[in-house]
Every structure is written in C-alpha cells, then in structure tokens.
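Have a look at the structure below, then the notes.
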Amino acid sequence: MNTVTTPPLNDPAHRLNEVSRQLRSAAEAAGRPVPRLLAVSKTQPAGALAALASRGQRAFGENYVQEAAAKQAEMGAPAGALEWHLIGHLQSNKAREAAALFDWVQTVDRPKLVGALAKHRDPERGPLNVLVQVNIDDEASKHGCRPDEMDALAAAISTEPLLRLRGLMVIPTPHDDPEQGRGAFRRTRELFEQLRVLYPQVDTLSMGMSADAAVAISEGATMVRIGTALFGARPRA
Ligand SMILES: *Cc1c(COP(=O)(O)O)cnc(C)c1O
C-alpha cells in the first residue's frame, strides 16, 4: 500500500484530512518528517481551491501563469494569505508575470530564467523562492536541468539578491508500480544533500505526487505535490 489513494467521499474537507493522514502515516512508517502539502490545483475552479483554503490549506501549485492569474483574481485572498507555487514549465517571456504572481517558482532549469526572474521581481515583495528542477531520468523530452548542471544553476541563483534558492524539484518518469521510481527519488535526494552542504538555506525537496508520494516521502521529500487525491480526477481541458 504505497500510494496516496483518492478518499471515497467528495467533500474537500474530508479529502484534505484523509490526504494529510496518509502523508503523516507514510512519514511515520519511514521515520521521516511529515512533508509540506502543496495542493496542485491546475484545471480546478477557484471555488475548489477556496474550499480547501477555508480548511487551512495555504500552499497551491499551478502549472500555467495565465490560469493562476485568473484564479488569484477570482479568489481575491488578502496579500500573503495564500502561497502560490508555479510548478509548470516557464517560458522566459512569461517571467515578468510569474515573478509578480508567485511566491515560489519550482521549475527553474536554465540560466536565462534566473536572470529574467531576478530582473522582474519587485524588491518590495522580497525574494522569490526558487527550486531547481532536475531532469533526474535524463529523458530528452522532459524539462529540467541535467544533474551535472545543477551546481552552475544554483551558483547563478545564489548571486541574485531577489531570488532565494530553497532546493530541488523533480518529476520522474511515472511507473505503474511506484516502487520502480524509488531510485530516481533517491538520486534526487543525494543531489539535494550535496546542495545543502554549499547552501545552508536549502530546505525543500519537492517530489512525489498522488500515485507515488509515499515512496517519495520515504526517500526524503519535504514537500509533496498532490492534485488528484485532493480534488478528484481533473476535469478534461
Ligand atoms: C499535475 C501535477 C502534479 C499532481 O499530480 P497528481 O497525480 O494529480 O497528484 C504534481 N506535480 C506537477 C508538476 C504536476 O504537473
């Protein structure tokens, strides 16, 4: 039973409780700290996010800049009440908007993005939190930097006062059996530990989704990104 399963009831409060319980028990079983829960809300209507926010969920992950902008406007939460994470691929021509809309960008994978985000971050909002996205399975079709590019990217981020390097994010190849993804999670954690030696403020290892969160937690995830198990199956675009 290594997966975070979708709770049987549709009620958002029930789902949030159930997912939180599953994360706690996975952490306990592995002797690891309980990870932060990022609610992945792509394609979900603002009302679904609001239902979770009213139950205390604060961190939301969106894949598209435009979609996040529309939902933030519709929800109208007071500044700072919610924490917005960009978890989708970012084009440099959207960096200005992303730097304004998000508190975290988890998908920094090339030097050009580092410069663009830093240039457009409003100093009054304080530094933008960033994660380096690593392509741990080295698939040609995927985003993320190669593991051997991590150090240079981290060094570039750390020279920017308006960016704050917080750690790594990974989306490994999905497997029918989540155990098969364990090696990728473990290799990512090893990179994370190397990074922490150089940058003491690094504290976030974002890995694990609905199907493989328990394996990711047992390999040291400090943040899991959960969509389906919280909101149910996504509406088709
Ligand atoms: C959609 C998505 C998730 C959540 O996936 P689920 O399987 O619905 O939990 C997590 N991370 C990223 C980057 C995503 O795009």
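All ligand and atom numbering here is 1-based and tracks the order in the structure.
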Check your understanding: Which heavy atom of I136 sits nearest a heavy atom of P172, and at what distance?
Key -> CG2-CB, 4.3 Å
Practice item. Please list all pairs passing the salt bridge (Lys or Arg N to Asp or Glu O under 4.0 Å) test where one or both residues lie in residues 218-231, with sequence neighbours left out. Key: R182-E219, R186-E219, R189-E219
Practice item. May I have all residue pairs that pass salt bridge (Lys or Arg N to Asp or Glu O under 4.0 Å) and include part of residues 50-66, sequence neighbours excluded? Key: R58-E83, E62-K71
Practice item. Scan for side-chain hydrogen bond (donor to acceptor under 3.5 Å, both in side chains) pairs involving residues 89-98, sequence neighbours excluded, and state none if there are none. Key: H89-H143
Measure from every N or O atom of ligand 1 to the protein's N or O atoms and keep only the pairs below 3.5 Å, writing each with atom names and distance to 0.1 Å.
unit_1, atom_1, unit_2, atom_2, d
ligand 1, 8 (O), T228, N, 2.8
ligand 1, 8 (O), T228, OG1, 2.5
ligand 1, 8 (O), R234, NH1, 2.8
ligand 1, 8 (O), R234, NH2, 3.3
ligand 1, 9 (O), S210, N, 3.0
ligand 1, 9 (O), S210, OG, 2.6
ligand 1, 9 (O), G227, N, 2.8
ligand 1, 11 (N), R225, NE, 2.9
ligand 1, 15 (O), K42, NZ, 2.6
ligand 1, 15 (O), N63, ND2, 2.8

Review point. When you check the gap from the basic side-chain N to the acidic O, do R196 and E193 get nearer than 4.0 Å?
Key: no
Practice item. Using distance alone, with no hydrogens and no angle criterion, decide if N129 and R164 have a side-chain donor and acceptor under 3.5 Å apart. Key: no
